[in-house]
> 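The structure follows.
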There are 2 protein chains.
Amino acid sequence: MELDNRKQKILKAIIEEYTRTGEPVGSKRIASLLDIVASPATIRNDMAILFDMGLLEQPHTSAGRVPSHMGYRYYIDHLMVPSPISPKEMAAIEAMFNVRDPDPDRLLSDAAQALADYTHCVAISSTTTPPEVLVRHIELIPAAERTVIIMVIASNGAVKSRVCRVDFEVTKNICEFFTNFANARLAGKSINEISSAYINSLTFSVGDYTEVFTSLLTAIYSLCKEINDGQFCTRGMTNLLAYDEMKDFSKDLLLMLGKKERAIELLGDGNFDVRVTVGKENNSMELANASVVAVRYNIGPSRCGTLALVGPVRMEYPKLIPHIEYFARMLSELLSEAMREQP
Amino acid sequence: MELDNRKQKILKAIIEEYTRTGEPVGSKRIASLLDIVASPATIRNDMAILFDMGLLEQPHTSAGRVPSHMGYRYYIDHLMVPSPISPKEMAAIEAMFNVRDPDPDRLLSDAAQALADYTHCVAISSTTTPPEVLVRHIELIPAAERTVIIMVIASNGAVKSRVCRVDFEVTKNICEFFTNFANARLAGKSINEISSAYINSLTFSVGDYTEVFTSLLTAIYSLCKEINDGQFCTRGMTNLLAYDEMKDFSKDLLLMLGKKERAIELLGDGNFDVRVTVGKENNSMELANASVVAVRYNIGPSRCGTLALVGPVRMEYPKLIPHIEYFARMLSELLSEAMREQP
DNA sequence: TTTAGCACTCATTACCTTCAAGTGCTAAAC
DNA sequence: GTTTAGCACTTGAAGGTAATGAGTGCTAAA
């Protein structure tokens, strides 16, 4: 797909004007906007060609032109000039991260919230746990007479705990016995190997204690599963309601984003650095009128995550892409530090 | 406000028919619906009186009548017959609770989700921590060379933990020292007394260790604050989008519910068993066209929570009120068991 | 290749009419 | 006194028509 210089400028101008106003753009407006000298008629000719190429659309004969999803694709791939983040904005973003709590579990959801607030889009953040993460240690802490806290620590620094009520009196002996037993069977195992079936098989090998320990082992399974599933959160859903052009679609889109398994789909396989998918490229009914900007980030050597933005096709890509990348970089640094793999 | 028998029946019929259809109800329809024999003209006379009393409204002269918020108030207080939950529904609700994870922290959010799914409204659940809850114990668990897990256990069974990276090598001695120090100063104190200022004062009294322990003490403060703040979660926001009559208001309402401090307001002071507020009774712009059903529940002797439902004024009160009450009862039982106060 | 000119298209708006639902009032019936 | 039938009246919704104007596509000249 080759476009001569003027057509490129015209397409770029139409997209940027449409992004700004949300209204179809006419030849006259472009003529006054462009720095090149060309009459509206000339521009009309070029617009007709861009239309034939599928880069523009026409709501109806007597309206101006609107960029098609293909037009946006061309713009993102060839025309867009990313606008660098100003030091002021950088400081603002850093401040958001700094005032927040440094708890890794929260960092992700706070970042999503901040990103959503900042971009007025829906922000999704997630992490995945790769198979090489191991169970490092299992700890049992007596909390009260018949209550223990069970804690799973993974090799990548992830920690999950749960309060467990048990049917027996919690003595130092029992705790020690169980801790030894659990660590002997589970520590060093890959976290994604801890299946429900494996835990079941363990329950029977505790001998006399089978009944007593079942609930503890089940809790360990849940905790491992939580670590293995990674984190996932969606913020700023209500932001979508502010876009007039989405009012017919936002309901379905919001319902879809509300379903975790559907929302995870749109993050893709994480096999990219930055990925922008426009409208129908998303292969999903609900996203046919939305765009998704996804960025991958690393957390230390053994874990990675995805940060994504869902918003109207008419998104300020040149501004938002550098922003989400900066968010991802900050998150990467902070989480890598917080969860650094240790000997 | 006294209404004769027929007027009561007419008001009840109008409200129930309007709740069902969402359309203004005319005198003819009521005549065919009512079991009492009365002509449309008679009903029209009564409707005119109900209208004068402020219990009905008229969208325009040639339309039927619509219940006013005052009409709903009268209905809820005097006319409504709560429909008991069927054993089948009870079983369905119990099943929801059973298949879910028994973790107390999750129970609340799962219950809100289930309630939202069940009622097609927004569900809010929250717990508050009363001042008599104490810090029972603080535990420090070494997780890796420079990483510890810090854990606060409260007298009401609440447990919160956080991973902390520290600047020193974690030895058994240091852990013991810090655990002793922290417990000496904090255990037994009321959880809401652990202020930022108090923690600050502690940091200086650790002597040589001031710098090393600052991050740990800050973490303790956060954890106490989390316990003291209780839990709060909102689920099913997108449900509101399904109501045609709310399409003009749902945007503002959703934005408001998205703000925690605003959403907390509408739970009220918890000084009630069941509370229904209709439309303008809510004293909030955004809720002027919505109703809130709030139920209080107890968690053991020392903690209570609120479960609330936000939906259209045209809500199926007779069905939903018993349902949310049943949810609250279930929650109360399960949480009381899970978090029972212990010696 | 570019541009001016002009006929043409079509959404939007305003205005009008018709239609139907439902009311309020009056006078008769119970 | 209460209830009811009858009927004029009101009003939003739906449908049709005309005027408006923004913006196009095409043609022919520059």
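Every chain is numbered from 1 and lettered A, B, ... according to where its sequence line falls, protein lines coming before strand lines.
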> Tell me which residues in residues 39-52 of chain A lie within less than 4.0 Å of DNA chain D, going by non-hydrogen atoms.
A/Arg44, A/Met47
> Which residue pairs pass the side chain to side chain donor-acceptor pair (under 3.5 Å) test with at least one member in residues 261-270 of chain A, sequence neighbours excluded?
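Applying side chain to side chain donor-acceptor pair (under 3.5 Å) to every pair that reaches into residues 261-270 of chain A, excluding sequence neighbours, yields A/Arg262-A/Glu286.
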> Look at the side chain of A/Thr238 and the backbone N and O of B/Leu254, then say whether any donor-acceptor pair between them is shorter than 3.5 Å.
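No.
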> To the nearest 0.5 Å, what is the distance between CG on B/Leu287 and CG on B/Leu257?
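With rounding to 0.5 Å, CG (B/Leu287) is 7.0 Å from CG (B/Leu257).
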> Between A/Phe327 and A/Val295, is a side chain to side chain contact (heavy atoms under 4.5 Å, CB included) present by the stated rule, with each step listed?
CA-CA 9 Å; A/Phe327 265 86; A/Val295 186; over 6 Å; no
> Which residues, if any, of residues 15-28 of chain B bring a heavy atom under 4.0 Å of DNA chain D?
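Under 4.0 Å from DNA chain D: no residue of residues 15-28 of chain B.
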> Applying side chain to side chain contact (heavy atoms under 4.5 Å, CB included), run through B/Leu33 and B/Glu16 and close with a yes or a no.
CA-CA 11 Å; B/Leu33 240 57; B/Glu16 288 174 357; over 6 Å; no
> Restricting to non-hydrogen atoms, name the atom on A/Pro59 and the atom on A/Gly64 that form the minimum distance, rounded to 0.1 Å.
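In this case the closest contact between A/Pro59 and A/Gly64 is CD-O, 3.4 Å.
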> Please list, in numerical order, the residues of residues 2-11 of chain A that have a heavy atom closer than 4.0 Å to any atom of DNA chain D.
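Nothing qualifies; none.
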> Using atom types as modelled and distance alone, determine if a side-chain donor or acceptor of A/Asn282 lies under 3.5 Å from a backbone N or O of A/Ser284.
no
> Using salt bridge (charged side-chain N to carboxylate O under 4.0 Å, His left out) as the criterion, list what pairs up with A/Arg235, not counting sequence neighbours.
none
> Give me the stems containing DNA chain D, sorted by first residue, counting only three or more consecutive Watson-Crick or G-U pairs with both distances under 3.5 Å; say none if there aren't any.
C:1-30 with D:1-30
> Should A/Ile124 and A/Leu267 be marked as a side chain to side chain contact (heavy atoms under 4.5 Å, CB included) after you check the CA-CA gap, both sets of side-chain angles, and the distance that decides it?
CA-CA 8 Å; A/Ile124 300 177; A/Leu267 296 178; 4.0 Å; yes
> Tell me the salt bridge (charged side-chain N to carboxylate O under 4.0 Å, His left out) pairs involving residues 56-77 of chain A, sequence neighbours left out?
A/Arg73-A/Asp77, A/Arg73-A/Glu281
> So which of residues 54-66 of chain A are in contact with DNA chain C, with a heavy-atom cut-off of under 4.0 Å?
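Within this stretch, A/His60, A/Thr61, A/Ser62 sit under 4.0 Å of the strand.
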> Write out all pairs satisfying side chain to side chain donor-acceptor pair (under 3.5 Å) with one or both partners inside residues 242-253 of chain A, taking only residues at least two apart or from two chains.
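Only A/Glu245-A/Arg314 qualify under side chain to side chain donor-acceptor pair (under 3.5 Å).
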> For B/Arg275, enumerate each residue passing the salt bridge (charged side-chain N to carboxylate O under 4.0 Å, His left out) test, keeping only those at least two apart in sequence or located in another chain.
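Once residues adjacent in sequence are excluded, B/Arg275 has no partner under the salt bridge (charged side-chain N to carboxylate O under 4.0 Å, His left out) criterion.
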> List the steps and the verdict of side chain to side chain contact (heavy atoms under 4.5 Å, CB included) for B/Leu3 and B/Met53.
CA-CA 10 Å; B/Leu3 293 183; B/Met53 296 174 82; 3.4 Å; yes
> Reading DNA chain D 5' to 3', which nucleotide is the first, and which the last, to come under 4.0 Å of any heavy atom in chain B?
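The contact span of chain B on DNA chain D goes from D/dT3 to D/dG12.
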> Considering residues at least two apart in sequence or located in another chain, which fulfil the salt bridge (charged side-chain N to carboxylate O under 4.0 Å, His left out) criterion with A/Lys9?
none
